[in-house]
Student: 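Please see the structure below; I have some questions.
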Amino acid sequence: MKIKEIGEFGLIERIHAKAGRSSYPVVIGIGDDASVLDVGPGNQVVTTTDMLVEGVHFLRDAIDPFDLGFKSHAVNLSDIAAMGAAPVQSFLSFGLPGDMDVEIIDRFMDGFMEAGEGVPLSGGDTVSSPEGWLISVTVIGLAPAGRVLRRDAAVPGETIWLCGPVGDSAAGLSILLDKSGKVNDQDARFLIKRHNRPLAQVRMGRILLEAGISNCAIDVSDGLLQDLGHICERSKLGAELQLENIPLSGPINELAAANNVDPYNWALSGGEDYSLLFTVNPENEKKLLTVLEREEIQAVPIGKTVAGKGIVVLKDGSPMEIESDGGYDHFRISPPENPSVKS
Ligand code: ADP
Ligand code: MG
């Protein structure tokens, strides 16, 4: 069987089946945004790693190396944020073609360190690559003992909240790929920046955990429906989203209107926004609203968790059909089943 026949997630399941049970105190292994290790009283260690490959994640000539450095750190910090942990250390490994200009790496490093907002780079590895640039980043975080935000911790009847944009990154990418049609310069710059320099919602994640507001979060890396789908699957429940509550930026609305497309396609299925999706028990909503106001963080309720299975998107109260490719899978060749429930 070929990898592309089972797709990225099918392959990860196969790897998972061989991963074995550890006798070490691994609280969370494969299957969440990061793994969690119990290291005794006080803190847990939270670890995530992500890789970027030239030609798959970026085109060397099309992205500013500063942005690439920024993004490769931000996507990892976003997984730490999704656990509610505080990032404390990063590691950076490169596979590099020898004929690359060193100034490219200088700029990459400036972007990488800017995204980290003070998180120290503590190690890595550098090797030659016969073809193309490979970047692997690992970030270690700390969380208080016994508590993290988990994908499998949602329960029916909670409100689903979103902190950060959805769709902007995919819209930015469509501009970069020249697939978007008409767009004005200012909107294009805004959306491309959202694609190239996504902001990890580290502060929101930490607050949710520290203030005991939420138990469950995921970062939106592969698309809102797909990542909410991971929460539903792992927590064994369903979800209802209110389409009109999903926030759209001014530029994405402008771009969609100018080209007569539905901006919600980007918002529901576009990847790489690195927003934070989390669930909150109605009892904790007052606490959440107080914290959002005090910390000046924007987050909005977009739906609720329900008993059962699957995601229903409601438009003006009625279930709608979604035109969706379901989000990103590295190996998939055929479109997946429609992830939404049809009316
Ligand atoms: P994210 O989008 O949050 O980075 P992924 O979808 O990439 O998460 O991965 C899902 C889960 O599978 C994560 O827990 C990740 O650590 C794990 N995983 C992915 N690839 C591998 C691998 N080659 N070996 C072990 N675990 C893996
Ligand atoms: Mg993630």
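These numbers come from a predicted model, not from an experiment. Whatever order the structure lists them in is the order used to number ligands and atoms, beginning at 1.
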Student: Please determine, by modelled atom types, if Thr159 and Glu285 share a side-chain donor-acceptor pair under 3.5 angstrom.
Tutor: yes
Student: At less than 3.5 Å, what protein N or O atoms come close to the N or O atoms of ligand 1? Include the distances to 0.1 Å.
Tutor:
from, atom 1, to, atom 2, distance (Å)
ligand 1, 2 (O), Ser221, OG, 3.3
ligand 1, 3 (O), Asp33, OD1, 3.0
ligand 1, 3 (O), Asp79, OD1, 2.9
ligand 1, 3 (O), Arg151, NH2, 3.2
ligand 1, 4 (O), Asp79, OD2, 3.2
ligand 1, 14 (O), Gly31, N, 2.8
ligand 1, 14 (O), Asp32, N, 3.4
ligand 1, 14 (O), Asp32, O, 2.8

Student: Asp152 and Ser235: side-chain donor and acceptor closer than 3.5 Å?
Tutor: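 No - no donor-acceptor pair under 3.5 Å links their side chains.
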Student: Let me check your reading of the structure: within less than 2.8 Å of the Mg ion (ligand 2), is there an N/O/S atom from Asp227?
Tutor: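 So Asp227 does not bind the Mg ion (ligand 2) by this criterion.
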Student: What's the separation between atom NZ in Lys182 and atom CG in Asn259, rounded to the nearest 0.5 Å?
Tutor: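 Those atoms lie 6.0 Å apart.
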Student: Tell me yes or no: between the side chains of Glu158 and Thr279, is some donor less than 3.5 Å from an acceptor?
Tutor: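 Their side chains do contain a donor-acceptor pair, which is all the 3.5 Å distance test asks for.
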Student: Measure from the Mg ion (ligand 2) to every N/O/S atom of Asp219 and report the name of the nearest one.
Tutor: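 Atom name returned: OD1.
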Student: Can you tell me if Asn260 has over 12 outside heavy atoms packed within less than 6.0 Å of its CG?
Tutor: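 Atom CG in Asn260 is not crowded, with 12 or fewer foreign heavy atoms closer than 6.0 Å.
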Student: So, Asn184 and Asp187: side-chain donor and acceptor under 3.5 Å apart, yes or no?
Tutor: yes
Student: To the nearest 10°, what's the angle at the Mg ion (ligand 2) between atoms OD1 (Asp79) and OD1 (Asp33)?
Tutor: 110°
Student: Measuring from Ile231:CD1 to Ile218:CD1, what's the distance to the nearest 0.5 Å?
Tutor: 5.5 Å
